[in-house]
Amino acid sequence: MTNEEILQRIYDETLVGNRPEVVDLTALGLEGGLTPETLLFEALIPALEEVGARFERGDFFVPEMLISGRAMSAALDLLRPLLIDSGAEKVGTFLMGTVKGDVHDIGKNLVDTMLEGAGFTVIDLGVQVAPEAFVEAIQEHQPDIVGFSAFLTTTMPMFKPNIEAIEKAGLRDQVIIMVGGAPVTQEYADVMGADGYAADATAATRRAKELLKERRALVRG
Ligand code: B1M
């Protein structure tokens, strides 16, 4: 099979949620010299975008979305060590979580992976994270940055109560707050009072490093 054919088959099998096949093909692609980035951006992510489009059209339902998501997550497990193994110097601690009411985690996990690859220590609180849980974790881990992911228009308003809870606990000055997720925009992040926003995992890593650099320069005076 050529690499082109492998990518096409990963796309097709992710679309129908054939997890064992997606895992085998991903391994085959890596053996054939495809990079983790190519596998992600040219096969796996486009397949999930198509799943979303079919769901919107009413051609797919929640179970189809679920099995495609599981196939993607299994491939991501295979790619994660390769994306992280960059030997990057430790730059800071990033506390991450998907907001309350939202169970999507694939995109968040990908952001985690890219951050770890760039040298961040990531503490991930998982999905459906309540404002109080973020506050407790900040007190416990003293992260440099706190990141909220939201993937639904109905859950992105949770950024506000999260930020308010952090303010109420007197911790707002201690942390940089970043937000992201498919429906989120820079304008929305600004209105919510976040310090930073990014559209995807690569941009999130870049923005996190920039914000940290700005903060450290400010502290040094
Ligand atoms: Co859901 N879902 N889903 N879903 N799902 C979407 C998000 C949707 C867009 C599909 C659609 O209609 N086209 C739609 C949301 C519409 C909206 O509100 N605008 C939707 C819906 C409606 C729902 C339900 C309500 C369906 C229902 O029950 N009727 C339900 C909600 C459940 C809940 O959370 N309460 C639901 C459930 C599910 C599953 C559980 C079946 C499954 C999730 C599996 C899982 O995550 N473990 C699922 C899936 C798989 C999807 C789609 C198909 C794929 C999501 C994905 O993983 N994308 C999705 C359609 C789509 O995205 N086009 C859809 C790939 C991922 C790499 O991209 O998530 O965008 P993304 O992550 C990016 C960026 O967002 C960014 O970087 C990531 C990596 O590049 N990013 C950050 C993320 N976090 C960041 C944080 C940052 C910065 C950047 O800083 C802190």
Side-chain angles (χ1 to χ4, degrees), residues 11 14-17 19 22 36-37 39-77 79-80 83 93-118 120 122-129 134 143-159 162-163 175-186 188-189 192 194-212:
Y11 177 90
T14 306
L15 203 52
V16 296
R19 174 162 51 175
V22 171
E37 288 81 2
L39 290 159
L40 269 174
F41 298 117
E42 292 182 27
L44 293 161
I45 293 179
L48 278 198
E49 278 164 6
E50 178 58 20
V51 171
R54 289 186 186 192
F55 177 77
E56 257 174 58
R57 290 201 302 268
D59 295 336
F60 270 17
F61 298 94
V62 173
E64 281 98 346
M65 257 195 327
L66 193 62
I67 57 168
S68 293
R70 285 186 182 150
M72 161 83 169
S73 290
L76 209 53
D77 286 343
L79 302 180
R80 186 168 298 118
L83 289 163
T93 304
F94 202 114
L95 180 73
M96 187 74 158
T98 298
V99 299
K100 190 172 168 183
D102 199 323
V103 303
H104 295 85
D105 67 357
I106 298 169
K108 168 184 66 62
N109 296 345
L110 191 54
V111 175
D112 287 353
T113 301
M114 296 291 191
L115 287 169
E116 286 180 29
F120 280 93
V122 178
I123 297 152
D124 189 331
L125 302 179
V127 298
Q128 305 237 52
V129 183
F134 278 112
D144 300 288
I145 309 181
V146 183
F148 308 136
S149 291
F151 302 92
L152 300 166
T153 44
T154 49
T155 56
M156 59 183 199
M158 277 311 294
F159 294 153
N162 283 351
I163 294 176
V175 289
I176 296 166
I177 295 179
M178 276 187 71
V179 296
V184 184
T185 60
Q186 180 66 61
Y188 193 77
M192 292 286 116
D195 301 310
Y197 156 81
D200 57 44
T202 313
T205 305
R206 200 172 41 240
R207 191 75 189 112
K209 281 176 140 180
E210 280 168 9
L211 288 165
L212 202 55

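Note that ligands are numbered from 1 as they come in the structure, with each ligand's atoms numbered from 1 the same way. Model, not experiment: these values are computed from the prediction.
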(message) Please report the interatomic distance CD1(I177) to CD1(I145), rounded to the nearest 0.5 Å.
(response) 11.0 Å
(request) Assess the pair Y197 and Y188: is the distance between their ring centroids shorter than 6.0 Å? (result) no
(request) Go through the steps for I176 and L212 under the test side-chain contact (heavy atoms from CB on, under 4.5 Å), then give the verdict. (result) CA-CA 8 Å; I176 296 166; L212 202 55; 4.1 Å; yes
(request) Flag the pair M192 / N162 as yes when at least one side-chain heavy-atom distance between them is below 4.5 Å, and no otherwise. (result) no
(request) With the side chain counted from C-beta on, respond yes when P143 and F94 share a heavy-atom pair under 4.5 Å apart, and no when they do not. (result) no
(request) Answer yes or no for atom 27 (C) of ligand 1: protein heavy atom present at a distance under 4.0 Å? (result) yes
(request) For G147, take its heavy atoms, then give the atoms of ligand 1 lying under 4.0 Å from any of them. (result) 91 (C)
(request) Flag the pair F41 / T202 as yes when at least one side-chain heavy-atom distance between them is below 4.5 Å, and no otherwise. (result) yes
(message) Just to be sure I'm reading this right: ignoring hydrogens, which of L115, D200, T153, L40 gets closest to atom 17 (C) of ligand 1? Compare them by their nearest heavy atoms.
(response) T153
(request) Report yes if some heavy atom in the side chain of V127 is under 4.5 Å from a heavy atom in the side chain of D102; otherwise report no. (result) no
(request) Output yes when a protein non-hydrogen atom is found under 4.0 Å of atom 91 (C) of ligand 1, and no otherwise. (result) yes
(message) Please compare T202, L66, L48 and report which has the shortest non-hydrogen distance to atom 41 (C) of ligand 1.
(response) L66
(message) I want to know if ligand 1 touches A53 in the polar sense, i.e. an N/O pair below 3.5 angstrom.
(response) no
(request) Using a strict cut-off of 4.0 Å, indicate which atoms of ligand 1 neighbour a heavy atom of F148. (result) 91 (C)
(message) If I only include protein atoms of type N, O or S, how many are less than 2.8 Å from atom 1 (Co) of ligand 1?
(response) 1
(request) Determine, considering heavy atoms only, which of A71, G107, P46 sits nearest to atom 67 (C) of ligand 1. (result) G107
(request) Please lay out, stage by stage, how I45 and L110 fare under the test side-chain contact (heavy atoms from CB on, under 4.5 Å). (result) CA-CA 11 Å; I45 293 179; L110 191 54; 3.9 Å; yes
(request) Just jot down the ligand 1 atoms closer than 4.0 angstrom to any heavy atom of V103, in number order. (result) 32 (C), 33 (C), 34 (O), 40 (C)
(message) So T155 and K100, do their side chains get closer than 4.5 Å, heavy atoms only?
(response) no
(message) Can you check atom 77 (O) of ligand 1: any protein non-hydrogen atom closer than 4.0 Å?
(response) yes
(message) Among all the protein's non-hydrogen atoms, which is closest to atom 45 (C) of ligand 1, and how far away is it?
(response) D105 OD1, 3.4 Å
(request) State the CD1-OG distance between I106 and S149, to the nearest 0.5 angstrom. (result) 12.0 Å
(message) Give me the residue, atom name and distance of the protein heavy atom closest to atom 35 (N) of ligand 1.
(response) G101 O, 2.9 Å
(message) As a check for students: among A47, A199, S149, identify the option with a heavy atom nearest to atom 84 (N) of ligand 1.
(response) S149
(request) Answer whether the closest heavy-atom distance between the side chains of L44 and Y11 falls below 4.5 Å. (result) no
(message) Quick test: of every protein heavy atom, which one is nearest to atom 80 (O) of ligand 1, and how far off is it to 0.1 Å?
(response) A201 N, 3.1 Å
(request) Could you check atom 70 (O) of ligand 1 against the protein and tell me its nearest heavy-atom contact, residue, atom and distance included? (result) A182 CB, 3.6 Å
(request) Hey, could you give me the CE/CG distance between M114 and D112, rounded to the nearest 0.5 Å? (result) 11.5 Å
(message) I need the atoms of ligand 1 closer than 4.0 Å to a non-hydrogen atom of E56, numbered in the order shown.
(response) 11 (C), 12 (O), 13 (N)
(message) Under a 4.0 angstrom heavy-atom cut-off, which atoms of ligand 1 come close to A198?
(response) 88 (C), 89 (C)
(request) Measure the CD-CG distance between E37 and L39 for me, rounded to the nearest 0.5 Å. (result) 9.0 Å
(message) Can you classify the ring geometry of H104 versus F151 as parallel (below 30°), tilted (30 to 60°) or perpendicular (above 60°)?
(response) tilted
(message) Looking at atom 43 (C) of ligand 1, tell me if a protein heavy atom falls under 4.0 Å from it.
(response) yes
(message) With heavy-atom distances below 4.0 Å as the criterion, list the atoms of ligand 1 near D102.
(response) 34 (O)
(request) Please identify which atoms of ligand 1 are closer than 4.0 Å to at least one heavy atom of I106. (result) 45 (C), 46 (O), 47 (N), 57 (O)
(message) Which option wins on minimum heavy-atom distance to atom 82 (C) of ligand 1: A208, A204, G181?
(response) G181
(request) Take L95 and D144 through the side-chain contact (heavy atoms from CB on, under 4.5 Å) test and state the conclusion after the steps. (result) CA-CA 8 Å; L95 180 73; D144 300 288; over 6 Å; no
(request) Would you please name every residue forming a salt bridge (Lys or Arg N to Asp or Glu O under 4.0 Å) with E50, sequence neighbours left out? (result) R54, R57
